[in-house]
Enquirer: 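Below is one structure. I have some questions about it.
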Amino acid sequence: MNTELISIMDLSTESMKDLCRAAEIIRRGGLVVFPTETVYGLGADATNAEAAAKIFEAKGRPSDNPLIIHIAEPENAERYTYTNDTYFRLARAFMPGPLTVILPARECIPPETRASLPTVAVRCPEHPVARKLIELSGVPIAAPSANISGSPSPTKAKHVIDDMTGRVDMIIDGGDSEFGLESTIVKIDGDGSLTLLRPGKITVDDLRSVCPSVKIADAVKDKLKEGETVLSPGMKYRHYAPRAEVFLLDMDINSAAEYIRKRSKKCRVAAICYEEDLETVRDKAPGVTIYEFGKRGDELTQAHMLFDILRDADKKELDELYAPLPRAEGLGLALYNRMIRAAAYHIIRM
Ligand code: TXA
Ligand code: MG
């Protein structure tokens, strides 16, 4: 397949011509990679079963893992799902933005899009290019993250060019993703309480400001037990896994640096380091490849950098990658959830 690459950084008259062509591809049942504020999405018409099926093929995605449908206005959810009060409270507080809500699906969303589940995930992105593309298409756009299944979600145009060239009709380069981790996903329970299925920029505290009862699904922090059923099919796959083995270090920086030094004598090692720790690690473990990870408490910067670091680590053919264990609270919960999976739950404590 021939993939057209275009760059759209604003909604100028020139850009609108390109966006109209992208929308035309979506309407005809084709695939378009587009930027959002979280990560890049691989989009197709969510109401077209054949188009949705093409997404699974392009990504190599298991067909039992449902897609998120993207809408241009929060109230459009009513056309494709059965909404409720809690949805609109969430929408008023956080949409457009990095929040996805699971709702009962209407018939117009085919089983191919929602992996035959009775529900569908809905998100109204904030990114102006994404919203305009959905609006011009006139249909909801089904879009998973635009990576090959199993590799980190793309947050830069070069990531999607690497993964999706030859697999999609068009790639829209919209610059770097602002946040860099995928949206927060919640399910609304019968009594109006929420269950967090995937943590993101909208934190548990944010959700609690709108809806007092918020549970955190076990799979957010912990490994699934053998045979355990999941609330969100995506949680059962080993995600975000680089080729190098990843280990999370839960110890003071001197012990961590010493541990990294010892391993660096045995194999090819890199370390993800907070700014405050750079000197210690450089001193104690000379020659180890270092990825700077922003200041210790600067979780926004860390979220922005994580997937790019994991992709780069893949290219470097490392054996082992060491990173500090993030806190499992606030914004840190989103980092914790992604990093613990990349590390296949390997935490080294001292
Ligand atoms: O930020 C994002 O959410 C990005 C951008 C492109 O919008 N999209 C994204 O999609 O991360 P994806 O497919 O990579 O992740 C969607 C997750 C999967 O884990 C899937 O299992 C879950 O949402 N999901 C989708 N529909 C669901 C449903 N009806 N019930 C429970 N989980 C669902
Ligand atoms: Mg994904």
Side-chain angles (χ1 to χ4, degrees), residues 36-40 94 97-100 145 147 150-156 159 176-186 196-208 214 216-224 232 234-235 237-242 244-253 256 260 270-278 281 290-314 320-349:
T36 86
E37 70 279 18
T38 56
V39 301
Y40 274 84
F94 307 117
L99 178 70
T100 298
S145 50
N147 51 286
S151 73
S153 294
T155 57
K156 291 175 179 286
H159 300 161
D176 293 357
S177 307
E178 187 195 323
F179 183 52
L181 300 177
E182 308 86 343
S183 62
T184 302
I185 304 182
V186 293
L196 176 72
L197 303 185
R198 182 174 71 184
K201 190 176 185 195
I202 307 296
T203 64
V204 172
D205 281 345
D206 292 337
L207 295 168
R208 286 202 174 121
V214 182
I216 301 178
D218 290 344
V220 166
K221 286 196 230 176
D222 300 319
K223 196 173 176 171
L224 285 170
S232 179
M235 293 200 283
Y237 298 107
R238 182 165 177 241
H239 258 172
Y240 323 112
E245 257 192 289
V246 181
F247 297 93
L248 302 179
L249 300 180
D250 186 16
M251 59 186 77
D252 69 85
I253 191 58
I260 292 164
I272 296 178
C273 268
Y274 298 133
E275 241 170 75
E276 296 90 329
D277 299 335
L278 287 173
V281 178
I290 290 180
Y291 291 106
E292 298 191 21
F293 205 35
K295 287 209 163 58
R296 188 180 299 279
D298 187 358
E299 287 156 341
L300 272 179
T301 297
Q302 292 153 24
H304 188 74
M305 298 173 91
L306 180 66
F307 289 153
D308 187 46
I309 293 177
L310 294 182
R311 280 180 177 258
D312 190 81
D314 265 350
E320 296 178 0
L321 175 63
Y322 290 88
L325 179 72
R327 66 177 188 136
E329 272 164 46
L331 256 184
L333 185 60
L335 284 160
Y336 182 94
N337 171 270
R338 305 319 189 271
M339 289 174 76
I340 197 112
R341 280 149 193 264
Y345 303 92
H346 290 141
I347 302 175
I348 301 173
R349 296 203 153 91

Enquirer: How long is the span from the SG atom in Cys273 to the CD1 atom in Ile290, to the nearest 0.5 Å?
Expert: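 So the gap between those two atoms works out to 5.0 Å.
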
Enquirer: Is the closest side-chain heavy-atom distance between Ile272 and Ile309 below 4.5 Å?
Expert: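 Answer yes - side chains close enough.
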
Enquirer: For residues Asp206 and Phe94, report the shortest heavy-atom separation together with the two atoms involved.
Expert: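 Looks like O-CZ, 3.2 Å.
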
Enquirer: Show the atom names and distances, to 0.1 Å, of all donor-acceptor pairs under 3.5 Å that link a side chain in residues 320-336 to residues at least two apart or in another chain.
Expert:
| residue | atom | partner | partner atom | Å |
| --- | --- | --- | --- | --- |
| Glu320 | OE1 | Arg263 | NE | 3.0 |
| Glu320 | OE1 | Tyr322 | OH | 2.5 |
| Glu320 | OE2 | Arg263 | NH2 | 2.8 |
| Arg327 | NE | Glu299 | OE2 | 2.8 |
| Arg327 | NH2 | Glu299 | OE1 | 3.2 |

Enquirer: Specify the closest pair of heavy atoms between Met305 and Gly294, including all atoms of both residues, with the distance to one decimal.
Expert: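 So the two residues come closest at SD-N, 4.1 Å.
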
Enquirer: Checking Phe179 against Leu300 for the side-chain contact (heavy atoms from CB on, under 4.5 Å) test, could you report, in this order, the C-alpha distance in whole Å, the side-chain angles of both residues, the deciding distance, and whether it holds?
Expert: CA-CA 7 Å; Phe179 183 52; Leu300 272 179; 3.8 Å; yes

Enquirer: Return the minimal non-hydrogen interatomic distance between Phe307 and Arg338, and the atom names on each side.
Expert: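 What the structure gives for the nearest pair is CZ-CG, 4.1 Å.
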
Enquirer: Working to the nearest 0.5 Å, report the span between CG of Leu310 and CG of Asp314.
Expert: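 Answer for the CG-CG pair, Leu310 versus Asp314, is 7.5 Å.
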
Enquirer: So which atom in Ala219 and which in Asn337 form the shortest heavy-atom distance, rounded to 0.1 Å?
Expert: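 Distance-wise, the nearest heavy atoms are O-ND2, 4.2 Å.
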
Enquirer: Just how far is it from atom NZ of Lys223 to atom OH of Tyr345, taken to the nearest 0.5 Å?
Expert: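 The distance works out to 7.5 Å.
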
Enquirer: Does any non-hydrogen side-chain atom of Val246 lie less than 4.5 Å from one of Met339?
Expert: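 With C-beta onward as the side chain, the pair stays apart.
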
Enquirer: Under the rule for side chain to side chain donor-acceptor pair (under 3.5 Å), what residues qualify as partners of Ser177, not counting sequence neighbours?
Expert: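 Ser177: no side chain to side chain donor-acceptor pair (under 3.5 Å) contacts found.
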
Enquirer: Do Tyr291 and Asp312 have side chains that approach each other closer than 4.5 Å (heavy atoms only, starting at C-beta)?
Expert: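 With C-beta onward as the side chain, the pair touches.
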
Enquirer: Does one side chain, of Thr100 or Ser183, offer a donor that lies under 3.5 Å from an acceptor on the other?
Expert: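 Result is yes, a qualifying pair exists.
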
Enquirer: List for me each residue that meets side-chain contact (heavy atoms from CB on, under 4.5 Å) alongside Ser145, sequence neighbours excluded, and say none if there are none.
Expert: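 Here the qualifying residues are Val39, Lys59, Asn147, Ser153, Pro154.
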
Enquirer: Looking at OG1 of Thr301 and CD of Glu292, how far apart are the two atoms once the value is rounded to the nearest 0.5 Å?
Expert: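 It comes to 11.5 Å.
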
Enquirer: Is there a side-chain contact between Ile348 and Met251 (heavy atoms, below 4.5 Å)?
Expert: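 Answer yes - side chains close enough.
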
Enquirer: Side-chain contact test, heavy atoms from C-beta onward, threshold under 4.5 Å: evaluate it for Ile347 versus Ile340 and give yes or no.
Expert: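 Heavy-atom side-chain distance check passes, below 4.5 Å.
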
Enquirer: What's the verdict on salt bridge (Lys or Arg N to Asp or Glu O under 4.0 Å) for Lys201 and Glu37, showing C-alpha distance, side-chain angles and the deciding distance?
Expert: CA-CA 10 Å; Lys201 190 176 185 195; Glu37 70 279 18; over 6 Å; no

Enquirer: Please report the C-alpha distance between Arg296 and Asp277 in whole Å, then the side-chain angles of each, then the deciding distance to 0.1 Å, and finally whether the salt bridge (Lys or Arg N to Asp or Glu O under 4.0 Å) criterion is met.
Expert: CA-CA 9 Å; Arg296 188 180 299 279; Asp277 299 335; 2.9 Å; yes

Enquirer: Restricting to side-chain contact (heavy atoms from CB on, under 4.5 Å), what partner residues turn up for Asp176, sequence neighbours left out?
Expert: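 Partners of Asp176 by the side-chain contact (heavy atoms from CB on, under 4.5 Å) criterion, ordered by chain and then number, come out as Lys156, His304.
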
Enquirer: Are Val214 and Asp205 close enough that some pair of their side-chain heavy atoms sits under 4.5 Å apart?
Expert: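 Contact flag for Val214/Asp205 side chains = no.
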
Enquirer: Could you tell me the separation between the OG1 atom of Thr38 and the CD1 atom of Ile202, rounded to the nearest 0.5 Å?
Expert: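 One gets 11.0 Å once the value is rounded to the nearest 0.5 Å.
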
Enquirer: Partners of Lys221 by salt bridge (charged side-chain N to carboxylate O under 4.0 Å, His left out), sequence neighbours excluded?
Expert: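 Partners of Lys221 under the salt bridge (charged side-chain N to carboxylate O under 4.0 Å, His left out) test: none.
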
Enquirer: Once salt bridge (charged side-chain N to carboxylate O under 4.0 Å, His left out) is applied, do any residues pair with Asp250, and if so which ones, sequence neighbours excluded?
Expert: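 Asp250 satisfies salt bridge (charged side-chain N to carboxylate O under 4.0 Å, His left out) with Arg349 only.
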
Enquirer: Begin from the C-alpha positions of Asp308 and His159 and carry the test side-chain contact (heavy atoms from CB on, under 4.5 Å) through to its verdict.
Expert: CA-CA 8 Å; Asp308 187 46; His159 300 161; 2.8 Å; yes

Enquirer: Taking the side chain as every heavy atom from C-beta outward, state whether Leu207 and Val186 have any atom pair closer than 4.5 Å.
Expert: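 Touching, per the 4.5 Å side-chain cut-off.
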
